[in-house]
Amino acid sequence: MTDERIIKEAIRLVGEGVSVTLPVNGNSMLPFIVGGKESVILQSPRDLWVGDVVLAWADGCRYVVHRIIAIDGDALTLMGDGNLSGTEHCMLNDVKAKVTHVVGADERPHNLYCRWRCMAVRLWWHLRPVRRYLLEIYRRL
């Protein structure tokens, strides 16, 4: 099965109200979601806010699991936590699911929006000017 087919099936199931666990790849959400090692739990995308992590069809060309950094009416701007620059754009109806939990090596779901994670995300956002160095240290560890 191709990645695209797996994602489309996950979207179909989420549309039917089923929670879906989806493995993620890539480093664009470091340090909060580790691609290749962790999975995310997807649910119906209700009540979206800045700071939420979503599965969306971005820029009309690919699916991404990234954080909402701005909402302007129906237009959303997304950015991966591990990205140093660059954003993606989509419309509200391009959001196919909301990520609610991260599943790590311990196979337990960890709430993506618990108090300490929300505080860490806010801090990480303000550390954008030095993210490059912090990510380099993180990758070496």
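Quick caveat: nothing in here was measured; it's all calculated off a predicted structure. Worth knowing before you read on, the calculation uses all heavy atoms, side chains too, and leaves out hydrogens, waters and symmetry mates.
The side-chain heavy atoms of V121 and F32, taken from C-beta on, include a pair separated by under 4.5 Å. Side-chain contact between R67 and W125 is absent, with no heavy-atom pair separated by less than 4.5 Å. Y138 has its side chain within reach of V34: a pair of non-hydrogen atoms, C-beta onward, lies under 4.5 Å apart. Residues M29 and V53 have side chains in contact (heavy-atom distance under 4.5 Å, counting atoms from C-beta outward). No side-chain heavy atom of K96 sits under 4.5 Å from any side-chain heavy atom of I7. Between D3 and Y63 the shortest side-chain heavy-atom distance does not fall below 4.5 Å.
Evaluation of the ring pair (Phe, Tyr, Trp, His ring centres under 6.0 Å) test over residues 84-112, restricted to residues two or more places apart or in two chains, returns none.
Annotation for E107: atom CD does not count as buried by contact number, only 12 or fewer foreign heavy atoms lying within 6.0 Å.
Under the 4.0 Å criterion applied to side-chain N and carboxylate O atoms, R5 and E9 are not assigned as salt-bridge partners. A salt bridge is defined here as a Lys NZ or Arg NE, NH1 or NH2 lying under 4.0 Å from an Asp or Glu carboxylate O, and R132 with E136 fails to meet this definition.
Under the 4.5 Å side-chain heavy-atom criterion for ILVMFWY residues, no single connected hydrophobic cluster contains both L127 and I137.
I71 forms part of a hydrophobic cluster together with L48, V50, V54, V64, I68, L76, L78, L92, V95, judged by ILVMFWY side-chain heavy-atom separations under 4.5 Å.
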